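Accompanying notes for the structure given below.
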Amino acid sequence: MARILYITPFFNFPPRDGASLRAVNLFEKLSEKHDVELLTYNTKGLEYYINQSNGKFKIHKLTSIHKKNIKLSFFQRLISSELPGFASHDINCIADDFEKLILESGTYDIYYFATQLMGQAVLKKKWPGIYAIDLYDIYSTYTKGKYLNVPFWRPFHWLFRIEALRVKSYEKKILRLFDHILVTSEEDMKIINYLLNKPSIHEVLTGINFPKELTRNVENGTILMVANFEYAGNNEGIKWFYKHVWQIILDKINNAKLVLVGKCPLEIQTMTKKEDNITITGIVPNLTGFYEKAACVILPLFHDGGTKTKLLEAMAYRTPIVSTKEAAKGIKNMNSIIIANDPKTFASSVTSILTNGIDDADLDQSRQLIQNHYTWDKIGDKLNHLIYKMAKARMNK
């Protein structure tokens, strides 16, 4: 049994975003086999989790808060010394809390950092032990995707390109300090290996809570997207779909309905308020009914990242999917997923599903893949085995 400090910025409870789902479930799976303590931001969700768990877990709170990124002008971003995303976390305060906890509680066998946002604290100081970092996303590839999606003659292309170079350099600086790097897909493993050429890169899939009971009650023409639409990638994706794809679908299927489930900013609500066949639900307590009614799930995302939780959920619910190449990362050769990156192809793929559906055998194959490889029990077992090997290797030194 290893003594582990699990450090994450994302521990929203109940977990609804992909990062929190991963953090909460992996923390609990590690706790089944090891002595694990949590260090995270003090939020209402964390307090609720503490009350629900009745003191089962040892939890420590960061003294700083997770700040929202400040919107800067083009010139301010150009000369800013702060990096997008990273600047919303106080690296000095996190490092001080980290050091204070170790001085009070003693050192740990393994320091498990969820994301580079927490991992940057190691730039300040390291204590004896094994350092592992879990990359839900790789920011180098995300920022590269931003400038690739903007024409080179526009000024923001060059701003995004400069930011991408700075993020890549900073990310490499952080990752070099870790003994083990965990990624969510084979594609990300290749990216990190190219970035650093380190031997200690491990694939630990992301997962879902698998729905054992399943009833399909499809409403004809219903298109579903589940997301946090305040997140830049989802925000840009749904705007692209609405502006370039939605009308093409309506011209062919006039009873098509679009349902957006998740946190939704005012700008999206305003953009779609005159559309009678678009429903925005906001955050809901349970997604089951929405997946069961959906004739098609869409994932119009263009910035690279880890395997998308909503992709896995749709597969588990036997729902046909139209996705961009970037959003389907990590999943290969599934006939229940149609890949489309331009508006006409995306629209024709959606209308084809709404009209003809997808073969039941293909939907069954997708669901079986999730059950076999993407449940938290299976992922947790693999992670516990990996942690055991890390701890054993340290003992043998």
Side-chain angles (χ1 to χ4, degrees), residues 7-10 17-19 22 64 66-95 113-124 131-152 154-178 180-185 187-198 201 206 228 230-237 301-308 325-327 329-330:
I7 308 150
T8 178
F10 306 118
D17 60 283
R22 184 173 178 87
S64 62
H66 174 203
K67 300 171 291 185
K68 285 190 175 181
N69 286 316
I70 300 172
K71 289 188 177 181
L72 303 176
S73 67
F74 178 92
F75 183 71
Q76 286 174 323
R77 287 178 66 168
L78 189 63
I79 64 173
S80 176
S81 60
E82 297 182 334
L83 295 174
F86 289 96
S88 60
H89 302 268
D90 188 333
I91 180 174
N92 292 310
C93 191
I94 293 168
F113 285 78
T115 87
Q116 307 87 316
L117 304 176
M118 294 289 100
Q120 62 180 325
V122 178
L123 293 169
K124 295 296 180 179
Y131 283 75
I133 188 166
D134 188 347
L135 305 183
Y136 183 73
D137 281 323
I138 299 173
Y139 295 121
S140 299
T141 56
Y142 176 80
T143 52
K144 181 180 179 180
K146 287 184 71 175
Y147 73 74
L148 290 176
N149 286 316
V150 178
F152 72 89
R154 293 188 176 180
F156 268 95
H157 172 93
W158 299 102
L159 172 63
F160 291 157
R161 187 179 281 271
I162 291 168
E163 287 181 344
L165 289 171
R166 293 173 60 212
V167 167
K168 181 179 179 180
S169 175
Y170 190 61
E171 192 167 47
K172 286 175 69 174
K173 187 178 179 181
I174 295 167
L175 297 182
R176 284 196 184 103
L177 296 175
F178 284 84
H180 297 275
I181 299 173
L182 281 56
V183 294
T184 63
S185 68
E187 291 92 334
D188 281 355
M189 186 180 292
K190 291 177 181 177
I191 291 168
I192 293 297
N193 191 53
Y194 177 78
L195 195 66
L196 293 173
N197 193 27
K198 285 177 73 88
I201 305 169
T206 199
N228 174 3
E230 290 188 344
Y231 171 68
N234 297 325
N235 189 286
E236 293 168 10
L301 309 178
F302 294 93
H303 296 313
D304 206 353
T307 304
K308 303 297 182 287
K325 175 184 173 184
E326 292 81 1
K329 182 177 177 179

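Only this structure's heavy atoms are used, side chains among them; waters, hydrogens and symmetry mates stay out. Predicted, not measured: the structure shown is a model, and the values here were computed from it.
Looking at every heavy atom in both residues, Ala121 comes nearest to Ile91 through CA-CG1, 3.8 Å. The minimum heavy-atom distance between Pro9 and Ala114, with the atom names listed, is CD-O, 3.3 Å. Between Gly330 and Ser185, the shortest heavy-atom distance links the atoms CA-CB, 4.1 Å. Between Arg22 and Thr206 the shortest heavy-atom distance is NH1-CA, 3.2 Å. Here the closest non-hydrogen pair linking Pro151 and His157 is O-CB, 3.3 Å. Between Phe156 and Arg77 the shortest heavy-atom distance is CE2-NH1, 4.4 Å.
Distance alone, capped at 3.5 Å, is enough to place a donor-acceptor pair between the Glu171 side chain and the Ser140 backbone. For the pair Gln116 (side chain) and Phe86 (backbone), a donor-acceptor distance under 3.5 Å is absent. Side-chain N or O atoms of Asn228 include one that pairs as donor or acceptor with a backbone N or O of Glu230 at under 3.5 Å.
The distance from the CD1 atom of Ile133 to the CG atom of Leu177 is 9.5 Å, given to the nearest 0.5 Å. Summarising the geometry, atom CD1 belonging to Ile192 is positioned 4.0 Å from atom CD1 belonging to Ile138; distances are rounded to the nearest 0.5 Å. Rounded to the nearest 0.5 Å, atoms NZ (Lys124) and CG (Asn92) are 4.0 Å apart. Here the CD1 atom belonging to Ile174 is positioned 5.5 Å from the CG atom belonging to Leu123, to the nearest 0.5 angstrom. To the nearest 0.5 Å, the span separating CZ on Arg161 from OG1 on Thr143 amounts to 11.0 Å. Put simply, CG on Leu301 and CG on Asn234 are 5.5 Å apart, with the number rounded to the nearest 0.5 Å.
The ring of Tyr136 has its center no closer than 6.0 angstrom to the ring center of Phe10.
Looking only at side-chain heavy atoms (C-beta outward), Leu83 and Glu163 stay at 4.5 Å or farther from each other.
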Subject >> Criterion side-chain contact (heavy atoms from CB on, under 4.5 Å) on Asp188 and Leu135, from CA distance to verdict >> reply: CA-CA 9 Å; Asp188 281 355; Leu135 305 183; over 6 Å; no
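Residues satisfying the side chain to side chain donor-acceptor pair (under 3.5 Å) test with Arg166, not counting sequence neighbours, are none. Scanning for side chain to side chain donor-acceptor pair (under 3.5 Å) contacts around Tyr170 gives Gln120, with sequence neighbours left out.
Aromatic ring pairs are classed by plane angle as parallel below 30°, tilted from 30° to 60° and perpendicular above 60°; the pair Phe113 and Phe178 is perpendicular.
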